[in-house]
Asks: 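Can you read through this structure? Questions will come right after.
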Amino acid sequence: MNPINPSPKYNPAEVEDKWYAYWLEKGFFHAQHNSGKEPFCIVIPPPNVTGVLHMGHMLNNTIQDILVRKARMQGKEACWVPGTDHASIATEARVVGMLRERGIKKSDLSRDEFLKYAWEWKEKYGGIILEQLKKLGASCDWERTNFTMDPDYYKAVIRVFVDLYKKGYIYRGLRMINWDCEAKTALSNEEVLYKEDGERSILYSVRYRINGSDDEWVTIATQRPETILGDVAIAVNPTDERYKKLVGKKVLVPFIHREIPIITDDYVDKAFGTGCLKVTPAHDVNDYEIGLRHLLPVIDTINDDGTLNEKCELPKFVGKDRFAVRKEIVKDLREAGHLIKEEEFITRIGRSERTNSVVEPKLSLQWFVKMKEISNTALKAVENDEIKLHPAKFKNTYRHWMENVRDWCISRQLWWGHRIPAYYFGPGENDFVVAETPVVALTLASQKAGRPLVETDLRQDADVLDTWASSWLWPMQVFDGFDNENFDSVRGKIIRTKNKDLNYFYPTQVLVTAPEILFFWVARMIIAGYEYMDEKPFEDVYLTGIVRDKLGRKMSKSLGNSPDPLDLIARYGADGVRTGMLFSSPAGNDLPFDEKLCEQGRNFANKIWNAFRLVKGWEVAEGTIPVENEIAIQWFDSRFHQSLEELNDHFTKFRLSDALLTVYKLVWDDFCAWYLEIIKPEYRKPIDGETYRKTIHHFENILKLLHPFMPFITEELWHEFYERKEKDCIVVASWPEEKGYDTSVLNHAALSFNVVSEIRNLRNLKGLSPKESLTLYLKAAETILDKSFIAVIQKLSNIHEVLFTKNSIDQAATFLVGTTEFFVPLAGKTDAVKERETILKELEYLQGFLVSVEKKLSNEKFVNSAPPNVIEMERKKKEDAEVKIKSLEENLKGLP
RNA sequence: GGGGUCUUAGCUCAGCUGGUUUAGAGCACUACCUUGACAGGGUAGGGGUCGAGGGUUCGAAUCCCUCAGAUCCCA
């Protein structure tokens with residue numbers, strides 16, 4: 001062996017950082033609008049600015065990197081735009097937590113003071129995640145890094161709010177929201193958590209006296225007796241015979257004797273509780289809707305902090321917490337004879353993700369985006385495949401959501417985020433203006449108020465915008481789409497031709513993201529894209545699965561079941577982890593993560609490494625090329641192009657696991673197990689120059705196909721074969737062109753390899769050493785295989801002589817490949833009993849098979865109605881089976 | 001409660017508009033081999049009545065219905 005041959009184990013740690021730095025230094029990841037090439041752009045789903053890399057990011061970003069690297073090699077101007085999201089709720093919660101640890105309460109700080117802390121926090125931890133992505137090999141254009149609260153981005157978000165307001169899409173309205181009484185903030189639905197098995201609660205049956213009667217009662221069931229002071233009606237199902245005669249009568253709310261009607265509503269479930277529902281519009285979503293239907297008043301008895309207010313009409317409860325009041329009022333109800341029954345039951349209780357306090361449904365003035373009209377085009381775009389979802393099954397989900405889209409509540413009671421540009425100048429409901437700057441607001445407000453106002457007369461809305469109300473602009477604003485020069489504020493459109501980057505890169509090609517944010521983010525980006533660019537933001541959406549642990553749980557920090565990605569990279573190499581994740585992640589399916597996959601990835605890298613060591617270790621001597629090498633080179637060329645075609649096809653269909661598997665098999669099976677074994681010179685013998693050069697050429701081609709998946713090892717090996725020029729790197733090498741392949745060579749090779757397998761199998765069965773040379777007979781015409789393939793068979797299965805025969809050979813082991821019979825004479829080594837067993841077993845299978853085929857063919861209906869090619873195929877099957885059976889039977893006769 | 005998706009070998013999945021063998025792959029498993037690129041290797045093998053039950057059809061893993069289970073989204 002050549003003395004320069006390095007370690008039999010590939011060491012990723014030694015090469016990864018080196019190459020990443022080199023790629024950056026040469027600027028390979030930077031893309032420009034004037035390259036003259038076809039653009040290929042992906043915008044990253046921006047991770048939370050203060051987040052750290054988890055397994056979901058690993059999968060998601062590996063996929064993006066694979067797509068970007070392949071496009072770059074295909075000669076496209078590949079641009080992967082990175083960045084981070086300010087993630088208002090998550091980040092604010094972390095800052096609040098950090099301050100709490102330092103003994104500082106948010107409520108003691110002014111808005112500006114709090115934001116100062118928040119920015120400090122962001123500066124300290126922001127962007128860690130982007131550094132981690134570099135370890136993975138992510139080939140992002142770092143010069144284009146964006147943050148959703150960068151000054152320009154901030155402006156864009158505000159500009160869009162103002163624009164949508166002007167267009168009439170934004171309005172202010174009452175809405176039942178999820179309220180966190182502890183954090184005193186509204187929560188989005190996804191921030192409300194429910195315990196999996198529900199929680200224990202008590203269902204109280206409370207009776208209300210019918211007005212005007214002495215002892216006539218209606219009994220309702222409730223879990224929240226403290227809200228009865230806000231009751232405005234009792235509802236029953238209209239089909240409920242039990243209560244028909246009571247409808248229209250009035251009852252009295254206990255203690256406060258408010259007179260409320262008994263009404264009917266379909267919502268009421270006859271079977272639940274008593275079948276009578278108390279209606280409290282201020283404190284329950286469904287009750288609120290019933291209230292709307294029946295024009296009932298709303299009596300809000302609970303304050304922002306969860307205490308009761310004076311509207312409950314009972315001074316003893318005012319200022320007391322809702323749960324304390326529940327206890328007291330239950331006691332009072334019991335004593336007053338109103339409480340009929342208490343029973344435990346399991347129910348779903350919503351709790352705040354942040355504070356774990358029970359979520360209070362609360363009516364509140366919020367800002368909304370009207371969604372129906374603005375989302376029409378976005379619905380159609382996916383319907384008619386203008387934007388393709390992968391896998392397509394998500395089209396149904398998307399359609400259903402878009403057809404039933406609800407208005408989007410975009411205000412959040414937080415400080416970290418884009419502050420809503422609404423300015424109030426008076427006490428009236430409409431005493432406000434919406435403007436991009438306080439200066440403009442002042443002018444507008446003065447006009448609206450009809451009197452000159454000064455700056456101090458204006459009060460800006462305290463709330464910030466939902467995070468998605470900034471990230472939905474991502475594909476446009478990462479290219480500064482909303483800058484002054486590009487944005488036509490009269491029409492409310494981006495003038496794309498004024499912005500070269502945007503004009504060139506938009507629409508982007510692929511978006512890679514998780515299905516759970518299909519609506520929150522993907523759909524809204526589509527909506528915004530059509531609204532401002534009159535064009536989709538991306539061509540294809542690849543939806544990844546959720547990375548789960550072995551127990552099927554989502555990997556999360558709180559569960560502590562997620563391995564540390566950087567630790568995995570340290571142990572298996574970035575290439576190993578990348579391929580490991582991809583081995584088992586078909587689009588749209590969850591990925592049950594197992595470290596064994598990374599191990600498999602690492603083993604693959606090692607296999608490639610050792611193939612390199614083998615080739616690199618050969619001494620080269622010019623001389624004639626052996627026939628088997630010649631055919632092997634030819635065969636591998638065909639096999640390579642066949643795989644390339646398959647690989648490209650998988651890529652266009654976004655079947656990346658399959659794509660990886662195609663390359664994996666090409667490398668492991670075809671290149672290492674067959675090709676290298678055929679051309680491998682005898683121990684310590686040199687290889688001929690022609691074979692050596694062609695082999696390196698094949699190797700280089702293989703490395704190219706591997707590069708998107710395994711960027712580091714391929715770059716390392718790329719430079720091991722030759723001294724290369726400064727910018728001759730595989731990261732920018734050209735992706736191989738498809739060309740035809742010789743199917744006849746492929747077929748002959750397949751036949752030869754089958755024969756080799758059969759002989760190896762034979763050796764296994766007979767306990768013959770691979771070193772023992774054998775003779776092979778073919779009962780076939782000599783034209784069946786040409787000499788070079790016979791040489792291949794001889795070399796790979798240690799056959800010293802191949803002979804053609806017209807008759808069966810006695811005292812020989814036999815096998816079939818296709819319909820051709822092969823014999824290996826084994827005088828004295830055959831075991832007639834075993835032989836018979838083997839043949840009988842195969843005969844049994846073939847006869848069973850034949851019966852099933854014959855059954856089909858003898859079915860008149862089948863012969864009459866099946867298409868001719870199908871019938872022809874069945875006939876062929878039958879013939880083949882018969883030929884095989886015949887020859888097996890003959891062999892059986894030949895046995896002693 | 002409404003809607004979606006899924007159920008194929010021990011595990012993870014292919015199987016596209018029904019018909020190329022009596023269902024494939026990777027991993028795992030079993031046996032054997034191995035001083036000569038790689039034991040993180042090689043060769044071979046075992047393993048599934050395609051969730052259950054109906055139906056359509058000459059023919060169903062594939063289309064339709066019912067049921068069961070898993071999972072996600074919306075309320």
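The model shown is predicted, which means the values in this text are computed figures rather than measured ones. Here is the naming used below: chain letters follow the sequence lines, and residue numbers restart at 1 for every chain.
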Asks: What does B/C67 pair with, Watson-Crick or G-U, if both distances are under 3.5 Å?
Replies: B/G51
Asks: With a 3.5 Å cut-off and just heavy-atom distances, do the side chain of A/K607 and the base of B/C38 make a donor-acceptor pair?
Replies: yes
Asks: Under 4.0 Å, counting only non-hydrogen atoms across every strand here, what does A/Y845 touch: a base, just sugar-phosphate, or nothing?
Replies: base
Asks: Between A/L518, A/D466, A/I517, which is the residue that forms a side-chain contact (heavy atoms from CB on, under 4.5 Å) with A/R524?
Replies: A/D466
Asks: Taking 4.0 Å as the cut-off, does a side-chain nitrogen or oxygen of A/N603 come that near to OP1 or OP2 on B/G41?
Replies: yes
Asks: Would you say the rings of A/F612 and A/F721 are close, in the sense that their centroids are separated by under 6.0 Å?
Replies: yes
Asks: OH of A/Y10 versus P of B/A37: gap in Å, rounded?
Replies: 22 Å
Asks: Would you classify A/S757 as touching base, sugar-phosphate or nothing, given that sugar-phosphate means primed atoms plus P, OP1 and OP2, and contacts are heavy atoms under 4.0 Å?
Replies: sugar-phosphate
Asks: Determine: side-chain N/O of A/T397 to OP1/OP2 of B/C73, distance under 4.0 Å, yes or no.
Replies: no
Asks: Looking at the side chain of A/F849, which of B/U22, B/A37, B/C58 is the nearest nucleotide?
Replies: B/U22
Asks: Output yes when at least one side-chain N/O atom of A/N396 is less than 4.0 Å from OP1 or OP2 of B/U5, else no.
Replies: yes
Asks: Would you say a side-chain N or O of A/W668 is under 4.0 Å from OP1 or OP2 of B/G42?
Replies: yes
Asks: Under 3.5 Å for both donor-acceptor distances, Watson-Crick or wobble: does B/G1 have a partner, and if so which one?
Replies: B/C74
Asks: Is the backbone N or O of A/Y10 less than 3.5 Å from a side-chain atom of A/N606, with the two atoms forming a donor-acceptor pair by type?
Replies: yes
Asks: Is the phosphate of B/G42, meaning OP1 or OP2, less than 4.0 Å from a side-chain N or O of A/R763?
Replies: no
Asks: Please determine, by modelled atom types, if A/E14 and A/N11 share a side-chain donor-acceptor pair under 3.5 angstrom.
Replies: yes
Asks: How would you label the contact of A/N764 with the nucleic acid (heavy atoms, under 4.0 Å): base, sugar-phosphate, or nothing?
Replies: base
Asks: Classify the side chain of A/N606 and the base of B/G40 as holding, or not holding, a donor-acceptor pair under 3.5 Å.
Replies: yes
Asks: Can you tell me the distance, in whole Å, between the CD atom of A/E758 and the P atom of B/G45?
Replies: 8 Å
Asks: So, is A/Y664 near the phosphate of B/C27, with a side-chain N or O under 4.0 Å from OP1 or OP2?
Replies: yes
Asks: In terms of side-chain heavy atoms of A/R602, which of B/A75, B/G40, B/U20 is nearest?
Replies: B/G40
Asks: Whether A/K680 contacts B/A37 is assessed here as follows: a side-chain N or O lying under 4.0 Å from the phosphate OP1 or OP2. Is that the case?
Replies: yes
Asks: Does atom NZ (A/K795) have a neighbourhood of more than 12 heavy atoms from anything else shown, all under 6.0 Å?
Replies: yes
Asks: Looking only at N and O atoms, is any donor in the side chain of A/E677 or the base of B/A37 less than 3.5 Å from an acceptor on the other one?
Replies: yes
Asks: Reckon A/S657 has a side-chain N or O less than 4.0 Å from the OP1 or OP2 of B/A14?
Replies: no
